[in-house]
Structures are given as structure tokens and as C-alpha cells.
Amino acid sequence: MKVEAGPEDRLREFFRSFKTEAGEYRYRKRLAQVAVVGARSVTVDFEDLISHDPVLSREVEAKPDEYFEYANRAAWAQMKIEDPEYAEQVKRILARFRKLPEKTHLRKIGSEHVGTLIIMDGIIVRSTPVKPLITRATFQCRKCHKNINIDQAGPLMKRITLCPYCRSKAIEFSEKLSTFINYQELRVQERPEDLPPGQLPRSIDVNLTEDLVDVARPGDRVSVTGVVRARQEFIGSKGRLRSFELFMDANYVDVVGKEAEVVEISPEDEKKILELSKDPWIHRKLLMSLAPSIYGYNDIKEALLYLLFGGSRKTLPDGVTIRGDANVLLVGDPGTAKSALLQYVARTAPRGLYTSGRGSTAAGLTAAVLREKTGGMVLEAGALVLADKGVAAIDEIDKMRPEDRVAIHEAMEQQTVSVAKGGIVATLNARACVLAAANPTLGRYDPYKLIAENINLPITILSRFDLIFVVRDVPDIDLDAKMTDHILTLHRRGVTPEEPPIHLDLLRKYISYAKRIEPILSEEAEKELRSFYLKMRSVSGSSTESPITITPRQLEALVRLSEARARAFLRDSVTVEDARAIIRLVNVSLQDVGIDTTTGKMDIDIIMTGKSKSLRDAMSMVRTAIADLEKETGTVEETKLYETLMKRSGLEEDDAKKVVSQLLKEGIIYSPKPGHLKKTTS
Ligand code: ADP
Ligand code: MG
């Protein structure tokens, strides 16, 4: 009769005999490899264990503490066969389990999981430095010179005060003879994309030991296998509460790499995506599907579309990388849907995060070293690090903290965040595109001032944006009527007036799919971009007053935006049409900030005001005339104004009317009743 084998033997059998479909002894091979590289642990794919012995796999999940010990011993026993010398040398091999078939949602971890093995996904938001953790404390008796070993577990160190051999109190702790392992604490938070709408992210602390320390950094997305534990909460020195706090002891940490896409695309999805890309109206359809509830803003929406697709990141032979992500800034009057657009993009992006300039974590926008309640230091990731490989939509960026003002320079160009403080030195990845919105310092955008004077952001940050758009709220009868209809329909019927041709779900998949393509510049596209850049350079280069300096950064921006446009068509080559469309968009943006590339020469007035000198002179003349006449009559009759202007400076009525309509449009003057004008008091 066959005797039922114990758990350790069954695990040993697994290590010894598990074969892949190709007939390879997977774990014998892995163990041999462990010895070759001098590692301390062997990774076990949980699926293998399930297919080998489903009962055993369930037992590991239910009683991990007990079964980890069996698994470690079984792995070591098999190591003695694969490489006896190495087995003797290391004394212990740890079994680390990964790829559990069912993931537990971080938000759902609860008391029912305590003591069991689970796997969960998350993003690391903070980490402590690596510290030694004592596992066996050795005490020496100074009288009888005996060593006493005490195995350690739990948060507090167990000590002895009396020698068990001679009852002496002369006991000394010896750190030299004690055993330590490496130890680190992480905090893992729900991934932004897993967050239910309107909820704050939850997090759980995870303890790492031995070869798991330092495998992941704040900002990294991880799958953690581990045992859920509960620890008692304290209230100061008063005592322990009845409530416990959940945490995890990690058994394995899988850093989720590039290959793991956030958005899963099924073969049917792929078919739909490819079909869509062949639609002659694809570009238009994409545009119409982006923020359909927001009326107008076609240029801005086009820019946001390219931001979502992005260009490809390039690593040069010398290791320098050039970002592929485009950064876009919206500056403008309140109530112009800036925040709404940002939120929309954050929701559409496969990995999007919306935050205000102040940041929603203690680390603000970038990263910070913070002091914990216990006195230790922790490194905490901010919004840009958490948005790694995604979109960081930063609203009210002008209100960011002074620390972030410094750090954001590095984040927006090198796409890293470096911290060196309190003994923690780290460089974190922040490969995110930044979509930012800023409000003018004085409430409204003043077109008579430079952009840098309008918003509380230095040129050094402004120049890191590929495109800047100024959104002004100027009354316009036609546009206002259409927008009013749009917004009222939206409110009355709860749907957008025009059905978006591509549903949000599919749009997100389309973007995700397109991001795999690395388009190459065609020769004609390159020529087009080169000549435009050189023109921009010559137009702005001579002036020190330029609101934005035209530097090679703008050339890179042209390239990455053109690549993004090619991706929108799922093309692997950047065509001359891509280049031209981007040049048009860049021109719109430059004109918004006050550079006119079409005139071919730098008109200082265009920089200052966005208008030519003659128009500005005329506007100022008409304003003065109205102010003068107002003093006499209160409101100004239009006919009287035209007479005065003709007499004073020979301005023809037709021209004067144009200037008046411009002043009306900009809200500098208004018409209290037909045929009368008045200056807006400001
Ligand atoms: P901002 O952040 O620019 O101050 P918001 O995004 O908060 O403005 O917009 C205020 C409100 O006005 C939002 O509800 C927005 O949807 C609406 N709104 C403004 N402009 C438009 C527009 N062009 N189309 C539709 N809704 C708009
Ligand atoms: Mg806003």
C-alpha cells in the first residue's frame, strides 16, 4: 500500500519532475540557473503548480506560512542534486511564487484574507531605505562567556536580562554574532486606471525581505504575491486598539514591464481597429470622438489627439534619451472648459491621471523625501512619477509648490525625477506627457501683455511645452449662439448633440494599439519640417523680447507631433501631409503666444500684442477718442466718434468701424444702446 506523501515530499516531487510542454524539466533547469548566477531564490509559476497538483496549490494559498517552509526545504533538497556545492554554501533556497491565477483587488483586501496568499496589482507610491532586520539575536554572558541565541519575529526585538546558565545579569547583545537580513517597506496604491470614478485611491503597506529589497522603486507598477497580515494599532502610549491594520509580507514582486499593456486588445478589437484605420474619415472621426461634450476648440482638440498618441521615444547610442511624449499647455480665461478638457483627456488616455497643481499626495507633483511618524525617512512619488508611461493632466499648474517648480524642469524634459535628501538618493522615472492648464494671474488673459507676464510660470518651464494655446473668452454673437445651443441640448437631453463616431472604449483601445507603431520620417516630411524650423528660428532668433525662445526643442516637438499624427492613421511612415498639418498647428500655437511666422520678419508688436503695429496704434487712438468724448457726454454716439477721428487723425470711417468692432470683440468697449459706445471700466 502506498503511503500518502507529506507536503514537503509533494513539493519536492514538483521541483524534480515538472515538465513543460516541450518536455523540459523547468524547475531543475531554474535551480541550476540559480546556482550559476548565485541567486538565493527560485521562482515558481503558480500555474505550473496548479497543473501539477491542484490540491497542493490550494494548500499553499490557504496556509502559506507553513507551506513556504516546505517549499523552501524542497527547493533546497533539489538544489543538493543539481549543484551540491552551491546548496552547501547557501544553506537555504527560497521558493517565490508568482502568477497566481486570480488577482485580488487592492480595494477588496479584507479580514477574510488574513493569513492567506494573494496576488494584487498596484503602483508603488513610497519606499523606505533598505535596513538590516535581525532574525536571530545573539547575547553573550560576560561572566560565563556563553552565547545565547534568540530567534526573532514580530515588530519588537526579544531580549533576555538573565543568563540562563549562570543567572548573571551581565548580558551583552552582540551584533557581530547576530543574524540580519535586508528589509524594506513599500506602500502600494491602487493603479489610477483601477480607481472607481470619484474615489480616493487606497493603499497597503508591503514588507520586503532578502533578495526582494530594491527590486522596485516608487512609480513602478507591480504585481505582489504575499501573505496578508493584520497588525494591531496603537494609540500613543495608551495601549492597543481592538482594530487592526492590514499589511502584506511579500513573497514575490513582479515589476510590470512595458510588455504588459494596460488595455487588453482582443483579436476582434484588433479587427475593428484595423478597419477603422482604413476609413477615409478616420482623422475627423477621431477628432469628433474626443471630448464630444465640449463645443469647438478644434485646434486644441487636434493637439490633444496627438498628445494621446505621442511620438516614439528615442535612445541614442550614447545612452541619452529623447522624449516621445508631447507636452501641451492651455492658458486662459476662467470658464473656458480647460479643466473639462483635462479631465476628459485623463479619462481617455490608457494611463491617465488628473491632479491639481498642488498635487494630491504629500509629495506634490514630483517626488519627495518625507519624515515618517516613527522618525524614519521615506521616498514618496508624486503625480508625474505615478503617471509614468501615461498622461499627467495638471490643472492650475501655475499654483504648484516652489519645490515642484524646480523639479518639474527635469521631469518635463529628461522625464526623470531625482531626489537626494535625508540619506535617500534616487532617480525615478516620469515618462509621462504633461497636459497642463493655467489661469492668468489677473483672472483674465491680457492680450497686451506677454504670455510670461500673464501667467505665473517662467519661460524655462513654458519652453518645455510643445504647444501652448491661449483660450480667451471673447463675446462672439455667432459662436455664442451655437455654443449655447450645444450646452443646453447637453443639459436637456443628457447626451451630446452629435453622437461621437468612436466610443470611448474603442478610442482608448485604438490609441493603445497605435502606440506600438514607431513611425519613421519620410524624406519629404523631413525636408518640410527642416525648412519650417529654420524659418521660425530666423524670425524669432534676433529678438530678445520673444515670448518663447525657438530652440532645437521646437524641432524635436515638430518631429514627435508628426509621428503622433502618423500613429493616428496607424501608419509607420511620417508623410508630408503629417508634417504640414503639424506645421499648421504649431503656427496656431505660436500666434497664440505672439510669434507670427508668416510675416517672415519679427514684428515686435506682434510679439507684444499679437497684432500688427498699425492696428495697435489705431486701437489705442480710438480708445483715447472714446475716453475723451465720454468726459463730455457720458456715452459716445458712434457718428460723433467717427467725425472726431476723421478730424483728429484722418482715420476713414470704414477703417474706424473695423477698429471699433475689434475693441467691442475684445470687451474693451461696449454698446449700452444701439449707436452708442462706452469704455468698459476695469
Ligand atoms: P476652466 O477650467 O477653463 O475655468 P471649466 O472646465 O471648469 O473651465 O468649465 C466650466 C464649465 O463650462 C464646464 O461645465 C464646461 O463643460 C462648460 N463649458 C465651457 N466652455 C464650453 C464649451 N466650449 N463647450 C461645452 N461646455 C463648455
Ligand atoms: Mg479650471
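Since this is a predicted model, take the numbers as computed values, not measurements. First listed ligand is number 1; within each ligand, the first listed atom is number 1.
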Is a side-chain donor-acceptor pair under 3.5 Å present for [Y] with [X]?
X: Ser127; Y: Arg217; result: no
X: Arg565; Y: Tyr306; result: yes
X: His676; Y: Ser671; result: no
X: Ser266; Y: Asp269; result: yes

Do any non-hydrogen protein atoms sit less than 4.0 Å from [atom]?
atom: atom 4 (O) of ligand 1; answer: yes
atom: atom 27 (C) of ligand 1; answer: yes
atom: atom 17 (C) of ligand 1; answer: no
atom: atom 13 (C) of ligand 1; answer: no

Would you find more than 12 non-hydrogen atoms of other residues, nucleotides or ligands less than 6.0 Å from His503 atom NE2?
->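 Count not over threshold, so no.
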NZ of Lys399: more than 12 outside heavy atoms within 6.0 angstrom?
-> yes
Under the salt bridge (charged side-chain N to carboxylate O under 4.0 Å, His left out) criterion, do Asp325 and Arg313 qualify, and how do the steps go?
-> CA-CA 7 Å; Asp325 299 308; Arg313 181 184 172 90; 5.5 Å; no
At what distance is the nearest protein heavy atom to atom 22 (C) of ligand 1, and which residue and atom is it?
->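 Answer for atom 22 (C) of ligand 1: Met483 SD, 3.2 Å.
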For atom 10 (C) of ligand 1, closest protein heavy-atom neighbour |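 Here the closest protein heavy atom is Gly335 CA, 4.1 Å.
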Ligand-residue contact atoms, ligand 1 with [X], heavy atoms, under 4.0 Å:
X: Thr336; answer: 1 (P), 3 (O), 8 (O), 20 (N)
X: Pro334; answer: 4 (O)
X: Ile487; answer: 25 (C), 26 (N), 27 (C)

Pick one: which of Leu663, Ile668, Leu677 meets side chain to side chain contact (heavy atoms under 4.5 Å, CB included) with Val622?
->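 With Val622 as partner, side chain to side chain contact (heavy atoms under 4.5 Å, CB included) holds for just one option, Leu663.
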Among Leu329, Leu384, Asp404, Leu435, find the one that has a side chain to side chain contact (heavy atoms under 4.5 Å, CB included) with Ile394.
->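 The option that passes is Leu384.
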Short N or O distance, [X] and ligand 1, threshold 3.5 Å exclusive:
X: Tyr295; value: yes
X: Ile294; value: no
X: Tyr297; value: no
X: Lys338; value: yes

Does Ser339 bring an N, O or S atom to within less than 2.8 Å of the Mg ion (ligand 2)?
-> yes
Pairwise side-chain contact, Val417 with Thr427, heavy-atom cut-off 4.5 Å (strictly under) | no
Decide yes or no for Leu290 and Leu308: does some side-chain heavy atom of the first lie under 4.5 Å from some side-chain heavy atom of the second?
->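 Contact flag for Leu290/Leu308 side chains = yes.
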Should one rank Gly332, Ala337, Ala437 by closest heavy-atom distance to atom 20 (N) of ligand 1, which comes out on top?
->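 Looking at heavy atoms only, Ala337 sits closest to atom 20 (N) of ligand 1.
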May I ask which of Ala340, Ser339, Ala291 has a heavy atom nearer to atom 15 (C) of ligand 1 than the others do?
->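 Nearest option to atom 15 (C) of ligand 1, by heavy atoms: Ala340.
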So is Ser293 close enough to ligand 1, meaning a heavy atom under 4.0 angstrom away?
-> yes
Going by heavy atoms, is Gly296 under 4.0 Å from ligand 1?
-> no
Spell out, as yes or no, whether a donor-acceptor pair under 3.5 Å connects the side chain of Arg405 to the backbone of Asp398.
-> yes
Record the part of Leu341 in heavy-atom contact with ligand 1 below 4.0 Å; permitted values are side chain, backbone, both and neither.
->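 Near ligand 1, Leu341 shows nothing, with every heavy atom at 4.0 Å or more.
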